[in-house]
Protein chains: 2
Amino acid sequence: MLREFRVREILDATCRVVASHGFQGATVERVAEEAEIAKGTVYLYFQNKDELFTAAVEQGIQNFTGQVRTQVAEALTPIEKLQRLIEVSLELSDTYRDFFKTLLLERNFLAASPNHPEAAHMLDLYLAHIHFIEEIIQDGVRVGVFRPHNVEASAFVLNEAIRGCFQQRALGLTARPVSEDAGILLDLFFNGVLNQHQNHEEPVS
Amino acid sequence: MLREFRVREILDATCRVVASHGFQGATVERVAEEAEIAKGTVYLYFQNKDELFTAAVEQGIQNFTGQVRTQVAEALTPIEKLQRLIEVSLELSDTYRDFFKTLLLERNFLAASPNHPEAAHMLDLYLAHIHFIEEIIQDGVRVGVFRPHNVEASAFVLNEAIRGCFQQRALGLTARPVSEDAGILLDLFFNGVLNQHQNHEEPVS
DNA sequence: ATTGTCTGACTGTATAGTCAGTCATATGAC
DNA sequence: GTCATATGACTGACTATACAGTCAGACAAT
């Protein structure tokens, strides 16, 4: 369908514009220019600017979490699933470069604002993804590969750690290949930094 | 000095306005209203809106990292220092509630933008703080309490994990007391999630 | 001729930034 | 002590501009 194609085209253009100009500098006119259409055309597909930007962010989240879920589903054990999760997430950070820059550089969409009742929905998507991670870890605890601990917190921490890697990449602060980042993250999350075989210093706490 | 007092007053008002209205909805007029002065007065202390907002964020970062450094300096061992770091950071998240909401809901200031050459400075402050954490961990590795690993990455991950806790609090997603959050974070960062004494499942990787 | 898609000049509005003028206090002349 | 002058902090009506959103008409395609 032509309509759907146009919508996607405009949303992609929106992501590109926000990625390069920030939300502040992203005007409807610039989006139209980027999509190579007239400003008025944008309003044939979206009610207003807010709807346009909300839709762009939402499409991005849906695409990303959808792909992660699909890939993770192929793995069997909790450990393999987490490996997959981290690897796929980081790989996608290159594919979705523009979108992630958009997402990371602006978090307003998570804040409830008077003219943003859709923000609540965005928050739901975000929480759903964390919950998805939480369940994998919970499984691991049940099976015994992960020790009993506050799973809600560790799911959250893992997600934030991944997010941090995205950011480093978006800001161009690292040259490490994705696979290396994934390995480091996994190792850290699994084993922590403490020297388990130490016999020198004072004990923890 | 009266001038300094006024400047601080305006910056505090800016943080409050941004915290409640977001960067989008934060106008100079609203800031003036919040500070109980006329709009024109703002321009006696700041060249333009950009400078005002940049200064507000910068003041917040400086205050925060300064306090963390002071408190951490009192601790002796790397482990104690990290404990202190996490605890103090989370405690401050209540004190600086408005500022953190401001900071977390908007990351544009980290992105280089044409009319934001100061953004580079902001990035420096951010990186300096991570470097500060990095050195503590590095010390721990040197002494032997922490195992050898990619310290740059773990410093980064720890900072992002703390940031994540801030965000949960700013968005009102958790009711956990700060000290509990600190404990969970510390435990996770030190020990990881893996069951070290397991003898059931497959080995890692 | 009709329909569907698109255009871009136009308008209305919000708000950044200005500036002529007010007020309060300090300094000084007598 | 009283008036005159100066200084500096502050004000808010005003302007200039940028940008969201509109709409009358162009342009295929059938």
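Only heavy atoms go into these numbers, but all of them, side chains included; no hydrogens, no water, no symmetry mates.
Side-chain atoms of A/Arg6 lie closest to C/dC6 of the nucleotides D/dG21, D/dC19, C/dC6. Among D/dA20, D/dT11, C/dA16, the nucleotide with an atom closest to any side-chain atom of B/Lys39 is C/dA16. Of the candidates D/dT11, C/dG17, D/dG21, the closest approach to any side-chain atom of B/Tyr43 belongs to C/dG17.
Between the NE2 atom of B/His21 and the P atom of C/dA14 there is a distance of 15 Å, given to the nearest Å. Atom CD of B/Glu36 and atom C1' of D/dA9 are 17 Å apart (whole Å). As rounded to whole Å, 13 Å separates atom C1' of C/dG17 from atom CG of B/Asp50. Note: CZ (B/Phe46) to P (C/dT18) measures 15 Å, nearest angstrom. Rounded to whole Å, the distance from CD on B/Glu4 to P on D/dA9 is 14 Å. Going from atom CD of A/Glu33 over to atom P of C/dT7 covers 13 Å, rounded to whole Å. Rounded to whole Å, atom C1' of C/dT11 lies 14 Å from atom CD of A/Glu29. Residue A/Asn48 contributes atom CG, which lies 17 Å from atom P of C/dT13 at whole-angstrom precision.
At the heavy-atom level, A/Tyr45 lies under 4.0 Å from the strands shown only through sugar-phosphate atoms. Nucleic acid contact class of B/Thr41 (heavy atoms, under 4.0 Å, all strands): base. Among the heavy atoms of the strands lying under 4.0 Å from B/Leu44 is at least one base atom, whether or not backbone atoms are also near.
Remark: B/Glu152 engages A/Arg176 in a salt bridge, criterion side-chain N to carboxylate O under 4.0 Å. A/Glu9 and A/Arg6 are joined by a salt bridge, as a carboxylate oxygen and a charged side-chain nitrogen come within less than 4.0 angstrom of each other.
Residues A/Val68 and A/His129 have side chains in contact (heavy-atom distance under 4.5 Å, counting atoms from C-beta outward).
A donor-acceptor contact shorter than 3.5 Å is absent between the side chain of A/Asn191 and the backbone of B/Gly192.
Of all the heavy atoms in A/Val151 and A/Glu134, the pair that sits closest is CG1-O, 3.4 Å.
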